Amino acid sequence: MSEFTPTVTGTGVRARVQRFGGFLAGMVMPNIGAFIAWGLITALFIPTGWTPNETVASLVDPIILYLLPILIAYTGGRMVHGQRGAVIASIAVMGVIVATDKPQFLGAMIVGPLAALLLKQFDRALDGRIKSGFEMLVNNFSLGIFGGAMAIGAYFGIAPLTSGLTTILGNGVDFLVERGLLPLASLLIEPAKILFLNNAINQGVLTPLGIDQAAESGKSILFMLESNPGPGLGILLAFLFFGPRAIRPSAPAAIIVQFFGGIHEIYFPYVLMKPILLIGAVLGGATGVGFFLLTGVGLVASPSPGSIIAYALVAAPGDFPVILVGILLSAAVSFVVCSFLMGFGRKEKREAAAEDDAAQAQALADAQAATAANKATSKGTAAPSASN
């Protein structure tokens with residue numbers, strides 16, 4: 001388990017799922033700073049940002065398409081096989097990056113650890129069998145050959161799988177939207193977001209449909225299905241108050257970046273750490289969509305990025321106060337559900353109490369040992385003086 005995610009104990013199905021989710025989150029959490037940097041540049045300098053600047057905005061696509069997937073793959077490879085694993089993961093992930101024009105976070109999470117694992121097995125098989133003086137030659141060439149092969153394999157093997165998954169989820173969302181089952185769309189949208197497929201769903205399915213609807217009626221609810229910042233806000237608030245103690249300090253900054261900056265990717269690792277919290281995300285998203293549907297509100301354009309500020313700028317005239325209520329309602333539902341699923345912090349309190357008890361017991365043991373040592377020293381010095 002990564003040092004950035006809490007240790008999971010137990011051997012049951014739930015523990016295995018949390019351990020796997022924690023591993024995925026461990027690839028992302030160390031790189032949150034890079035996500036924040038990208039988010040700030042996006043929020044500030046894209047054409048619909050706070051201070052548009054075409055020159056600086058040219059950084060946005062290279063960072064999300066290349067830098068972030070490479071960092072995720074690098075971290076995943078390092079978790080599996082140290083520096084050699086990190087290097088081969090960075091090589092291999094280029095296969096899925098260049099195979100598509102969409103951000104390949106999911107592909108990076110797959111190919112990075114996989115490439116490192118294969119190299120680890122190869123290194124283990126050759127351990128102790130390389131003649132002295134040839135170690136560097138074998139290590140470098142094996143990494144290069146395996147890295148190139150994995151990049152090609154990822155291009156033709158893994159990239160089609162991730163693209164196919166995106167297509168399936170997009171078609172599912174399209175099916176529900178066309179039949180007016182909008183709240184049920186959260187069943188597909190929220191899991192897709194957690195797998196970093198949010199941009200593909202939003203830009204590939206919802207935004208085109210929303211543009212058509214807005215052209216007819218002047219506004220569209222479809223712009224809000226994926227971009228609603230409420231569920232993410234609720235999840236982060238639940239972590240702030242009831243999450244693992246090691247994670248809580250990171251929540252306030254994440255809340256600012258997610259809710260005001262519109263960078264939803266910042267909260268995805270938190271759900272990956274505890275996949276059961278996906279229930280809270282789905283219920284929060286469905287609540288918001290249902291409220292928007294009942295009140296008939298909408299946006300005139302896609303909010304980019306999906307922040308509360310962008311919502312205020314593109315809300316249909318007179319709709320923003322009602323939209324804000326819907327966002328806060330979805331945040332409240334996510335917060336309550338996720339807090340309940342995390343036991344309202346009771347486990348953390350028990351663990352903290354256990355740590356305190358252990359620390360007190362250790363302190364008592366140390367004090368008793370010190371007292372015994374002092375007594376022994378005192379007797380050892382008193383006996384010779386008595387004989388004199």
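Computation of the quantities below employed the complete heavy-atom set of this structure, encompassing side-chain atoms and omitting hydrogens, waters and symmetry-equivalent molecules. A quick note: this is a predicted structure, and the numbers were derived from the prediction, not measured.
L329 CG to S334 OG: the interatomic distance, rounded to the nearest 0.5 Å, is 10.0 Å. The distance from the OG1 atom of T162 to the CG atom of L106 is 6.0 Å, given to the nearest 0.5 Å.
The backbone N or O of E226 sits less than 3.5 Å from a side-chain atom of K193, completing a donor-acceptor pair. Between the side chain of S142 and the main chain of N139, a donor-acceptor pair closer than 3.5 Å is present. Put simply, the side chain of S227 never gets that close to the backbone of G306: no donor and acceptor are under 3.5 Å apart. Using modelled atom types, one side-chain atom of D319 and one backbone atom of G298 make a donor-acceptor pair closer than 3.5 Å. Although no hydrogens or angles enter the test, the distance criterion places no donor-acceptor pair under 3.5 Å between the side chain of R78 and the main chain of A86. Here the side chain of T51 pairs a donor or acceptor atom with the backbone of L44 at under 3.5 angstrom.
Applying the ring-ring contact (aromatic ring centres under 6.0 Å, His included) test to pairs two or more places apart or on separate chains, none has a residue in residues 68-98.
A side-chain contact (heavy atoms from CB on, under 4.5 Å) with L233 is found for one member of I235, L236, L237 and no other, namely L237.
With contacts defined as side-chain heavy-atom distances shorter than 4.5 Å, the pair R84/L119 qualifies.
Taking the six-membered ring for Trp and the full ring otherwise, the centers of F105 and F35 sit less than 6.0 Å from each other.
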